[in-house]
Amino acid sequence: MMQGHRSDQELVRREALQKLRDLGIDPYPGEAYPVTTTAQAIRDGYDAESNPMQDVTLAGRLMSVRVMGKASFAEIQDSTGRMQIYVNRDEICPGEDKSLYNEVFKKLLDIGDFIGVRGHVFLTQTGEITVHVVSLKLLAKSLHPLPIVKVDAEGHAHDAFKDPELRYRQRYVDLVVNPEVKDAFVKRTRMVQVMREFMSSRGYLEVETPILQPLYGGALAKPFKTHHNTLDMTLFLRIANELYLKRLIVGGFDGVFEFAKNFRNEGMSRFHNPEFTVMELYVAYKDCFWMMDFYEEMIEKVAIELHGSAQVQVGDKVIDFKRPWKRYTMFEAIREYTGVDITGMDEEQLRQVARDLHVEVDPTMGKGKLIDEIFGTHAEPKLIQPTFITDYPVEMSPLAKKHREHEGLVERFEVICNAKEIANAFTELNDPIDQRERFEEQLALGKRGDTESMVVDEDFLRSLEYGMPPTAGIGVGIDRLAMIMTNSASIQDVIFFPQMRPEKKIVAE
RNA sequence: GAUCUCGUAGCUCAGCUGGUUAGAGCAUUUGACUUUUAAUCAAAGGGUCAUGGGUUCGAGUCCCAUCGAGAUCACCA
C-alpha cells in the first residue's frame, strides 16, 4: 500500500485480467453461482460409506495452489474455513482444448481469486478430505496480492500479516488471512446478542436516542462539535445517552436500553477509540443494589454463552465470572490494598495520606478527587476478578442520588475487572432541585476552566420536574467488555475499523 | 500530551564497531512433474534502505528535524 506505482505482482495480475477477457472469460461474472455446501459442512458430514457427497458445489477464495503437471491441488477458503480441491487437466478439459487448465487454471488464476467448483468428495492418499473438481469457474479476479501466512516444517511463519497499522487499515485483508480475528468479532456480536436477549426477555425496551444533540450531557468528557446547515446551529455528537433514556423513564417506560455509539474528543490508546459503544439500561422502581444483582447475572451468562464456562482466559490470568462477585465500598477497597482507613478524614488528612502513598496530588484536587486518585493508584490495578466498588464521593457523580445513609457519598457502583472499569451504575438522581444544584456546581467547575464539566440541560431538568420514578441506571463499556471476553490486548482488536490517522496516499486509479 | 523503541524487496526479517555492484525465506515470472500438502527441482526478475538536511574520502549503518507506527505513562469508557 501507499506506493506511487504498482508492483510487478499487481501488473502481472492486471495482464492476467486482460488475457482472461481475451479468452472470452468474464473475470467478474454477475450471475448467481449455485453453491450447495460449505467447507465446514463437507468436513463435518463426509463419510465414504454413509454420506459420500457425490455432487457438491462450493465457492471461495483461492488460498494456495500446488501444480504437478497435469494435476494440481489447491485450497479454497469460504466463510467457514478452508477446503482442499483436486484439479485434473483431462477432467476439467475433456476435449482437445486444454486451455482451461493449462492457461486459465495454471497461469491466469492467482491466490486471492474467488472461484466456484463442482465435483465429488474423496480422501487423498494422505487422508485429507478433498473435492475432486469436474468443473471450475472464476467468480471474481483479485488484483492485489494477498499475504497468506505459511508455516514451514520448523514452525516458522512466513508472510504473516501482522503489522498492526496495516491490519487495522486493511481489516478486510486481516479477516481473510488471520482467522482468529474473525473469531473475536463473532464473539463480540454474540456477547451483544446475549445481553440484548437477557434484557428483552425481562420486558425492557430497546430504543434509539439522538446522536446529534444540541447539548451534550450524561458524562464528563470533551465532545465533537458539528454544524447543521438548515437550522444553522451547532450540534454535538453524543458523549452519552443517559439524559435521553431518563426522559423516556419520565415518559412512562419501565425499562429502556440502548447500545449506543458515543463520541469523545480525547486521546487514543489501546483502551480508547474516539467512537465507542456503551450499553445503557434504566429500570424504574429499582436502585443500584438491585442493579448489582442484575448485572452480575447478565455477565455471568455472557461468559458461559461465549466460553461454555464462567471462567475466561485473559492474558496470563483466568477471570471467573461465577456469581457472587466480591463487593467493596471504595473505603474498604482502599483499606484492603493500602492498609489505611480513610473513613471520616478531611481534605488535608486525605492529601497527606495520598502523599504518603506516593499518589500524585495537586492543589486543585478536592476530597472526592483525592479519594478517587488513591483508589485508582493502589486498588484498581489489583482488581483482576470482577469486583463491585460502591459508595463514591458525591463530587464525582453529578447524576447519582445521594446515599441514603452516608453523608458526602452517592449510591453508585462500578465494576472493576482486569484492572479496568466494565460498568458504572447509579441509583439515579430524580430530585429536580438537587439535580439543578449539581449542574450548577458543574457550571462553576467549567468557569474555573474544567473543559470536561457538564452543562446545564434545562429540558432534562424540566423532565425531572414532571417527575421521574426512582430508577436504577447502568452503563456498560461494550468494547472493554469485549476485550476481556475475547482475550484481546487492544481495543482495536474488537473494533472492525478503529480510527486511524489519514493514509498519506493511495494509488489513484 | 510526555518518555522509550522502531520504519531495509509484495510479506516477514538479517545487515557486527560506517568501507567494494544491499542479503535470506516466502511470494512473483519461465520451464519440468497426473494424489500433493511450507509439494519438489532448475533458472530469472524485483529495493532512490520512511522523508529532508548534516558529519565523513565514504552512511542502510553516526547526528538533527519531519512524518508514520508500536509500547509505557497521564485523563476519559
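Just so you know, these numbers use all the heavy atoms, side chains as well, and skip hydrogens, waters and symmetry mates. Below, chains carry the letters A, B, ... as their sequence lines are ordered, and counting in each starts from 1.
For the side-chain contact (heavy atoms from CB on, under 4.5 Å) criterion with M330(A), the lone passing option out of D372(A), T390(A), D391(A) is D372(A). Of the candidates L58(A), T57(A), D55(A), T80(A), L58(A) is the only one forming a side-chain contact (heavy atoms from CB on, under 4.5 Å) with T37(A).
Distance CZ (F73(A)) to P (rU36(B)): 7 Å, rounded to an integer number of Å. Protein atom CD1 of I495(A) is 15 Å distant from nucleotide atom P of rA77(B), rounded to whole Å. The separation between I148(A) atom CD1 and rG10(B) atom P is 18 Å, rounded to whole Å. One can place NZ of K70(A) at 9 Å from P of rA32(B), the figure rounded to the nearest angstrom. Here rA77(B) presents its P atom at 17 Å from CE of M268(A), a figure rounded to the nearest Å. Distance, I92(A) CD1 to rU34(B) C1': 13 Å, rounded to whole Å. As rounded to whole Å, 11 Å separates atom C1' of rA77(B) from atom CD of E380(A). Taking atom CE of residue M485(A) and atom P of nucleotide rA77(B), one finds them 20 Å apart after rounding to whole Å.
Phosphate contact (OP1/OP2 of rG10(B), side-chain N/O of R13(A), threshold under 4.0 Å): absent.
Here the separation of rA50(B) from rC13(B), taken at their P atoms, is 15 Å to the nearest Å. Annotation: rC6(B) and rG60(B) have their C1' atoms spaced 14 Å apart (nearest Å). Remark: the separation of the P atoms in rU28(B) and rA71(B) is 32 Å, to the nearest Å. Using P as the reference atom, rG23(B) and rC49(B) are 14 Å apart when rounded to the nearest Å. Taking atom C1' on both rU56(B) and rC64(B), the two are 16 Å apart, rounded to the nearest angstrom. Annotation: rC26(B) and rG46(B) have their C1' atoms spaced 14 Å apart (nearest Å). With P as the reference atom, rU8(B) and rC75(B) are 35 Å apart, rounded to whole Å.
At a threshold of 4.0 angstrom between heavy atoms, the contacts of K107(A) are confined to the sugar-phosphate backbone, with no base atom among them. If you check every strand for non-hydrogen atoms under 4.0 Å, R89(A) touches nothing. Backbone-only contact: D163(A) has heavy atoms under 4.0 Å from sugar-phosphate atoms and none from a base. E421(A) comes within contact range of the sugar-phosphate backbone alone, with a heavy-atom separation under 4.0 Å but no base atom that close. Within the nucleic acid shown, E373(A) comes within 4.0 Å of sugar-phosphate atoms alone, with no base atom in reach, counting heavy atoms only. At a threshold of 4.0 angstrom between heavy atoms, the contacts of F161(A) with the nucleic acid are absent. When heavy atoms are screened at a 4.0 angstrom cut-off, D90(A) is found touching base atoms of the nucleic acid. Within 4.0 Å (heavy atoms only), V278(A) reaches no atom of the nucleic acid at all.
For E180(A), the CD atom sits in a packed shell: over 12 heavy atoms of surrounding residues, nucleotides or ligands are nearer than 6.0 Å. Within 6.0 Å of CZ on R118(A) lie no more than 12 heavy atoms contributed by other residues, nucleotides or ligands. The environment of K382(A) atom NZ is dense: over 12 non-hydrogen atoms of other residues, nucleotides or ligands sit within 6.0 angstrom.
Using the six-membered ring where Trp is involved, Y295(A) and F413(A) have ring planes that are tilted, between 30° and 60° apart. Between Y204(A) and F294(A), the ring-plane angle classifies as tilted under the 30° and 60° cut-offs.
In this structure, K225(A) has no salt bridge (Lys or Arg N to Asp or Glu O under 4.0 Å) partners at least two apart in sequence or on a different chain. Listed by chain and residue number, nothing satisfies the salt bridge (Lys or Arg N to Asp or Glu O under 4.0 Å) test with E380(A) (two or more places apart in sequence, or in another chain). With sequence neighbours excluded, the residues satisfying side chain to side chain contact (heavy atoms under 4.5 Å, CB included) with R190(A) are Q193(A), V194(A), E197(A), E305(A), L306(A).
Residues S135(A) and V117(A) have side chains not in contact (no heavy-atom distance under 4.5 Å, counting atoms from C-beta outward).
Between the side-chain ring of F271(A) and the base of rA77(B), no stacking contact exists by the 5.5 Å and 30° definition.
Between K222(A) and E266(A) there is no salt bridge, since none of the side-chain N atoms of the basic residue sits less than 4.0 Å from a carboxylate O of the acidic one.
Distance from the side chain of A71(A) is smallest to rU34(B) among rU34(B), rA77(B), rG68(B). Here the nucleotide nearest the side chain of F122(A), chosen from rU35(B), rG68(B), rA77(B), is rU35(B).
In RNA chain B, consecutive stretches of 3 or more Watson-Crick or G-U wobble pairs with both distances under 3.5 Å are given as paired ranges: B:1-7 with B:67-73, B:10-13 with B:23-26, B:28-32 with B:40-44, B:50-54 with B:62-66.
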Contact list (N/O, under 3.5 angstrom) for nucleotides 3-7 of chain B vs protein:
none

Using a cut-off of under 3.5 Å, enumerate the N/O to N/O pairs linking the protein to nucleotides 39-46 of chain B.
from: rA39(B); atom 1: OP1; to: K150(A); atom 2: NZ; distance (Å): 2.7
from: rA39(B); atom 1: OP2; to: R66(A); atom 2: NH1; distance (Å): 2.8
from: rA39(B); atom 1: N6; to: V67(A); atom 2: O; distance (Å): 2.6

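Separation of the H132(A) and Y86(A) ring centroids falls under the 6.0 Å cut-off.
Side-chain atoms of E128(A) and base atoms of rU35(B) include no donor and acceptor less than 3.5 Å apart.
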